[in-house]
Amino acid sequence: MIIRRTSLFFIGALAFVVVALFLGGGATTRVYLRLAYGIALLIVFSWLWTSQILRHVQVERQARGFRYQVGQIFEERFEIRNTGYLNIIWLEVRDLSPLPEKHFSRVLSEIGRGEERFFVTRTILHRRGAFPLGPTILVSGDPFGLFAVRREVPASKTLLVLPYMVDIHSFPAPLGRLPGGRALHRRSTEVTPYAAGVREYFPGDPLNRIHWRSTARHDRFMVKEFEQDPYADVWLFLDAHMSAHVSQEDTVAAHGQPVWIWMQKSAPIIPPSTFEYAISAAASIGRYYLRHGRALGFACVGPNLSILPAERGERQLDKFLEILAFVQPNGRLPLLGLVQSQAGYLVRGTTVILVTAVSGQEVVLAVEELLRRDLNPILVLVDRSSFGGRGDVAVTREQIQALGVPVFTLRRDEDLRTALETQTLPGNLGNRMVS
């Protein structure tokens, strides 16, 4: 229960009347007595009203979906129901969700018994990650403004914000291995043209994988197993070393955020951070390869080593984007260390995409390490100097291109799709761009 200033005034008035009642006499005694009764009844009535007002208020938060990406507008509907026997004169609804720019306060009036009110909020998503939708704070009080009560409704749903992505239509195609090459002899969870054998059926196996001849021979369900085809996979290595990236987000926050939705739409979608640009580029490239039927793997070292084995399909895309939604640039293993620790597990001919903001000899050594292991590297380099950091990408780009490796350069406020599609490739690699 919250005691407001108005109640203090009435309590003081009641105390004054009681003192006057004992000190006074004559005809004024009856007036003071009635006045004391009236003030006391008003205080008790307001206290009882306030103590019951929020016990039968229900709040429900609904949304069309709970998986969005940076740059989209999240629309949420708040439904307020009064299932009690008292009319709600006023009700304040506060949203304390940690989602940036989601804090708000809305005041509703005159909610009768059994009535329902709703309102809609819209928020432009600027940060990736998981954000609980709550808690929701309800505040109400009596009609006279003497007391107020506060109730907290915990969060029951979580919003997952995926990285910002663009649809790219061309990117270097993996060289791969020609059909008929040596088998990889690695089990695959997907159907491929290469059957490896049969095994006993387990609950959850697709029915279209049942091998009926073996089932009839063994008198129990048997399913086919498959090997990966001899086409090379695509692996994406993301540099999340703590000293590799720079950010100007504090400078932007100091200038404030636009108020209106139409003003926010004109603001940059990707936060001014080299790591956020790297995340968006990785997400866009990964989605491009998966939609073209390639097997995509992912490796990154943040607080922990994150490895996603190479697979195909929409399920792999969902897992890949979910990992990117939580990765932070606080790793302790540099790009060269990541390459040296993981390159030995990759099959020859695998395409390895390096996404980093580091320029210098470390990147050149990482690319040379991949070439020495007969892998096909592609470098996506975020220009630190365009974010106020140190580094000259021109020299590094020339050294990498001299090795015959494609290099893509990302700069702040530059269109991400253009940067990933129209970069000049060294030598005669232009004919390996696919649409």
Side-chain angles (χ1 to χ4, degrees), residues 70 127-129 163-165 235-252 268 270-286 297-308 320-321 323-343 351-371 375 377-401 403 405-414 416 419-420 423:
V70 172
R127 294 291 184 274
R128 56 188 173 82
Y164 174 73
M165 292 173 286
W235 276 80
L236 200 151
F237 288 0
L238 176 64
D239 185 7
H241 192 254
M242 60 179 58
S243 63
H245 299 276
V246 296
S247 173
Q248 293 183 331
E249 296 186 59
D250 295 337
T251 303
V252 175
I270 307 178
S273 166
T274 57
F275 189 69
E276 295 301 326
Y277 272 71
I279 286 286
S280 297
S284 302
I285 296 171
F298 176 73
C300 177
V301 179
N304 301 300
L305 176 63
S306 299
I307 299 292
L308 182 63
F320 172 61
L321 295 179
I323 293 178
L324 291 182
F326 296 97
V327 173
Q328 297 298 327
N330 52 5
R332 297 184 178 275
L333 186 66
L335 178 64
L336 181 58
L338 176 62
V339 170
Q340 292 175 340
S341 63
Q342 299 301 318
T351 296
V352 181
I353 304 171
L354 304 178
V355 183
T356 182
V358 175
S359 58
Q361 194 62 27
E362 178 184 348
V363 180
V364 178
L365 292 177
V367 171
E368 291 177 346
E369 176 71 14
L370 295 175
L371 293 173
L375 303 173
I378 299 174
L379 178 63
V380 178
L381 190 59
V382 184
D383 188 358
R384 290 166 53 100
S385 61
S386 62
F387 294 83
R390 297 180 179 180
D392 184 8
V393 299
V395 176
T396 303
R397 183 172 59 244
E398 292 177 358
Q399 293 177 340
I400 299 301
Q401 289 179 344
L403 298 174
V405 175
V407 181
F408 295 81
T409 306
L410 309 180
R411 298 180 179 84
R412 180 179 177 180
D413 298 333
E414 183 180 6
L416 183 61
L420 294 176
Q423 291 289 333

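Between Phe237 atom CZ and Ile353 atom CD1 the span is 10.5 Å, to the nearest 0.5 Å. One finds the CG atom of Leu321 at 10.5 Å from the CZ atom of Phe298 (value rounded to the nearest 0.5 Å). The structure places CD of Glu276 at 9.5 Å from NE2 of His245, a figure rounded to the nearest 0.5 Å. In this structure, the separation between CG on Leu416 and CD1 on Ile270 is 5.0 Å, given to the nearest 0.5 Å. Atom CD of Gln340 is separated from atom CG of Leu370 by 10.0 Å, given to the nearest 0.5 angstrom. Taking CG from Leu403 and CD from Glu398, the interatomic distance works out to 12.5 Å, rounded to the nearest 0.5 Å.
Just one residue in the list Val382, Val358, Val355 forms a side chain to side chain contact (heavy atoms under 4.5 Å, CB included) with Asp239, and that residue is Val358. Each of Val395, Leu354, Val367 was compared with Ile400 under the side chain to side chain contact (heavy atoms under 4.5 Å, CB included) criterion, and only Val367 meets it.
Judged purely by atom type and a 3.5 angstrom limit, Arg128 uses its side chain to pair as donor or acceptor with the backbone of Leu324. Looking at Thr396, its side chain does come within 3.5 Å of a backbone N or O of Gly360 through a donor-acceptor pair. For Tyr164 (side chain) and Tyr277 (main-chain N/O), no donor-acceptor pair under 3.5 Å exists by modelled atom type. No donor-acceptor pair under 3.5 Å is formed between the side chain of Arg397 and the backbone N or O of Ser359. Counting only distance, with no hydrogens or angles, the side chain of Glu369 and the backbone of Leu336 share no donor-acceptor pair below 3.5 Å.
Summarising the geometry of Pro377 relative to Val405, their closest heavy-atom pair is O-CG1, 3.2 Å, with the distance given to 0.1 Å. Considering all non-hydrogen atoms of both residues, Ala357 and Arg384 come closest at O-CD, 2.7 Å.
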Please report the C-alpha distance between Thr274 and Leu410 in whole Å, then the side-chain angles of each, then the deciding distance to 0.1 Å, and finally whether the side-chain contact (heavy atoms from CB on, under 4.5 Å) criterion is met. CA-CA 9 Å; Thr274 57; Leu410 309 180; over 6 Å; no

Take Val407 and Val393 through the side-chain contact (heavy atoms from CB on, under 4.5 Å) test and state the conclusion after the steps. CA-CA 10 Å; Val407 181; Val393 299; over 6 Å; no

